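Predicted model, so just to flag it, every value in this text is computed and none were measured.
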Amino acid sequence: MDVFGKLKESLLSVEKPARYTGGEYNTPDVYKKRKADICICFPDIYEIGMSNLGISILYGMLNDNPDFVAERCFAPWHDMGELLKKKGLPLYSLESKRPLTEFDAVGFSIQYELLYSNILYMLDLAGIPFTAKDRGEEYPFIIAGGPCTVNPEPFRDFFDIIQIGEGEEMLTSLMNLIAEGKEKGFSKEEVLKRAATIEGVYVPRFHEVGKKVRKAVVKDFENSYYPVKPLVPNIEIVHDRAVLELYRGCASGCRFCQAGFYYRAIRERSPEKLLSLAVRSLENSGFDEMSMASLSTGDYYKLMPLISSVSDYIKDKHVNLALPSLRLSSFEGAFALNTRMNSLTFAPEAGSQRLRDVINKNITEDDIFDSVSDAFDRGYDHLKLYFMMGLPTETDEDILEICRLVKDIRELYIKKTGNKRLTVSVSCSVFIPKPVTPFQWEEQISLEEMLRRQNLLRNALRTVKGVAFSWHGAETSVLEAVFARGDEKLGPVISSAYGKGAKFDGWSEHFRWDVWQEAFSENGLDMRDYVRARDTDQTLPWDFIDTTVRKEYLLKEREKAYNGITTRSCREGCNGCGANGSVKCFGGVL
């Protein structure tokens, strides 16, 4: 079917038609002879999906393999979705403009919980039945991957195969199996049975109760694939730059952070390897900015030598070097950059030292004021501060300490500079108890309590000049918590909500709380059952996944949290979480 040929004359009627045309610089040859192909889908718009490093890695890796072809598809915005339906045309890939049903596999990267309804939106536009049981041999294998597969139960019915952990080696093994199945005439059932034997692969249809699925981990991170010919987007995207992944995992151990525990063990690339990747990425793309990215970039073991070597290369090339995701104790790297950022971002997470110790943030008030004082000395006059609300043991006094902290920072600026130009942006999200963290058993505060605490902080901050306050929606925070710790009963709820119009739930202007309430009610479920506290000895929906971090360690960290005891950074010595087993933390670098 010539989908694009029937569509292109109408593209000018939709917002940003370049989202749907493909043809970006560095697009690989997708018409080469291949043994199997896959369309990698991101259930949000082009600008967000094109900024995702995981998509870039898998896309480049498969296309560099002579046996495979990978293409892309992003969720079309409302106007484009309506246009496809009006013309009776299916959702298609950006490269060859083929309908998704013509691929051997369709893979979804699921990055956050509010994307679940958009999975069904894309399947609907593609003409693919929602549930695996309703898809016969004529349909592609539908595969899920990404961070949300740490608990895949809410969406398991929609997928034939779910990848748990890091996808590079796992997806290659799956594509080899699919290719073998095509060559030898295997049934879909036979391929799925064989897929279930691959490390990290969860096949809901053939999963045995009580059997563990061990997450996949890239063991040789130093030499693992990295895309040095990144696609250059057609339009401006959220992160419009080259990206350099320094390491995976995080040594800090913040007790609310799922990524910090899920992506252990910690593995780092050498500065020599990173410089080579940086040079090739910039030369092949022409980007004027490079971001050094990891969960906590400033903790990279040889950050200063790396900055120096990359800076030497980009000197006189009009390329800006950016360092996001910095801890308060690691701003030396940011201050070493030749180009000054417009503002600095800090994440104290809590206003009081007591609560920072509970969550194991491992920063003191002295750390905070030393960092901002240094920033003020260097001419910075805008700060972004990130906090979290509803953390275990939090009191109103802890919330008001946020206001006191902001006020003291502003007074320090006036004292050091003699002027009042400082602007402070305070952002406050709502705590969500995530799987595979020491807080996975905690309750989430009620919707009413969220609104009360948000009002408490907003009214307090009104007394401080030069402060802008933003907060995460209470209703979406509840839904995120429900899906984060949900079970298989939620699949029908997602289907019901989509049928009532739910999609793009991560976009506040399109989120429909009433639709989700109706969907839960129709399916006889109560959201409060999913956000309540859990007993530590009860079976949790995700317990069948072996993330390598032992339950005993999480319980020990939980107990330390309630006693206000911190745990040292993994860089200071192994704390015995269990991840430093078959894959050595730091990859033997330290």
Side-chain angles (χ1 to χ4, degrees), residues 147 150 247-266 294-300 325-331 345-371 385-395 397-399 401-402 405 428-445 481 484-485 533-534 536 547-580 585-586:
V150 68
Y247 69 95
R248 286 194 189 162
C250 183
S252 301
C254 298
R255 291 172 179 140
F256 59 84
C257 181
Q258 184 181 77
F261 286 92
Y262 187 48
Y263 288 107
R264 298 185 180 194
I266 301 160
S294 290
L295 288 176
S296 184
T297 304
D299 292 334
Y300 177 64
S325 306
L326 294 176
R327 287 174 56 81
L328 277 161
S329 56
S330 62
F331 269 84
T345 300
F346 300 99
E349 306 294 359
S352 68
Q353 189 60 49
R354 183 198 70 80
L355 195 52
R356 285 194 292 273
D357 290 344
V358 167
I359 64 177
N360 202 47
K361 190 64 182 177
N362 271 331
I363 56 170
T364 66
E365 193 144 307
D366 285 343
D367 293 329
I368 295 172
F369 283 99
D370 286 347
S371 295
L385 300 175
Y386 287 96
F387 296 92
M388 195 172 291
M389 180 176 290
L391 290 160
T393 79
E394 181 183 77
T395 65
E397 287 71 25
D398 294 313
I399 293 174
E401 280 288 280
I402 295 175
L405 185 64
C428 195
S429 61
V430 176
F431 165 69
I432 296 169
K434 293 274 190 170
V436 201
T437 70
F439 291 155
Q440 66 178 2
W441 296 277
E442 305 302 319
E443 71 173 346
Q444 184 186 53
I445 59 175
R485 297 198 304 180
R534 309 291 176 93
T536 57
T547 66
T548 71
V549 176
R550 295 179 293 108
K551 178 180 178 180
E552 293 77 15
Y553 181 78
L554 297 178
L555 286 169
K556 178 182 175 183
E557 284 293 295
R558 182 175 186 257
E559 182 180 358
K560 291 172 73 173
Y562 275 92
N563 290 317
I565 301 172
T566 61
T567 298
R568 66 184 178 181
S569 166
C570 299
R571 294 182 181 275
E572 298 174 22
C574 181
N575 293 306
C577 73
N580 193 5
C585 272
F586 306 109

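Shortest non-hydrogen contact noted between A579 and V549 is CB-CG2, 4.5 Å. The two residues L554 and T437 have their closest heavy-atom pair at CD2-C, 3.9 Å. For P147 against Q258, the heavy-atom pair with the smallest separation is O-OE1, 4.2 Å. Here the closest non-hydrogen pair linking Q444 and V430 is NE2-CG1, 4.1 Å. The two residues T567 and Y553 make their nearest non-hydrogen contact at CG2-OH, 4.0 Å.
The main-chain N or O of A259 is never found under 3.5 Å from a side-chain atom of K434 such that the two would form a donor-acceptor pair. Looking only at distances, no side-chain donor or acceptor of S296 sits under 3.5 Å from a matching main-chain atom of C250. With E401 contributing its side chain and A350 its backbone, the two residues share no donor-acceptor pair below 3.5 Å. Remark: side-chain polar atoms of R568 are paired, donor with acceptor, to backbone N or O of C574 under 3.5 angstrom. Not a single donor-acceptor pair under 3.5 Å links the side chain of D370 to the backbone N or O of D367. Q353 places a side-chain N or O within donor-acceptor distance of the main-chain N or O of I363, the cut-off being under 3.5 Å.
The distance from atom OG1 of T548 to atom OH of Y262, rounded to the nearest 0.5 Å, is 10.0 Å. For the atom pair CG of L295 and SG of C257, the computed distance is 6.5 Å after rounding to the nearest 0.5 Å. Taking CG from N563 and CZ from R558, the interatomic distance works out to 11.5 Å, rounded to the nearest 0.5 Å. How far SG of C428 is from OH of Y386: 12.0 Å, rounded to the nearest 0.5 Å.
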**Message:** Show, in sequence, the C-alpha distance, side-chain angles and deciding distance for F346 and I368, and conclude whether the side-chain contact (heavy atoms from CB on, under 4.5 Å) test is met.
**Reply:** CA-CA 8 Å; F346 300 99; I368 295 172; over 6 Å; no
**Prompt:** Could you walk me through whether E365 and L405 pass the side-chain contact (heavy atoms from CB on, under 4.5 Å) check?
**Reply:** CA-CA 9 Å; E365 193 144 307; L405 185 64; 4.0 Å; yes
**Item:** Full working for side-chain contact (heavy atoms from CB on, under 4.5 Å) between R356 and E349
**Value:** CA-CA 7 Å; R356 285 194 292 273; E349 306 294 359; 5.8 Å; no
**Prompt:** Which is it for R485 and R534 under the side-chain contact (heavy atoms from CB on, under 4.5 Å) test, yes or no, and what are the steps along the way?
**Reply:** CA-CA 10 Å; R485 297 198 304 180; R534 309 291 176 93; 3.7 Å; yes
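Results of the side chain to side chain contact (heavy atoms under 4.5 Å, CB included) test with S252 over N360, D299, N362 single out D299 as the only residue that passes. Among E557, R264, R550, E552, the one residue that satisfies the side chain to side chain contact (heavy atoms under 4.5 Å, CB included) test with C577 is R264.
For the pair Y247 and I266, the minimum side-chain heavy-atom distance is below 4.5 Å. The closest side-chain heavy-atom distance from S352 to D398 is below 4.5 Å.
Partners of F431 under the side-chain contact (heavy atoms from CB on, under 4.5 Å) rule, at least two apart in sequence or in another chain, are F256, M388, L391, P392, P433, F439, E442. Qualifying salt bridge (charged side-chain N to carboxylate O under 4.0 Å, His left out) partners for D357, counting only residues two or more places apart in sequence or in other chains: none. Listed by chain and residue number, K560 satisfy the side-chain contact (heavy atoms from CB on, under 4.5 Å) test with K556 (two or more places apart in sequence, or in another chain).
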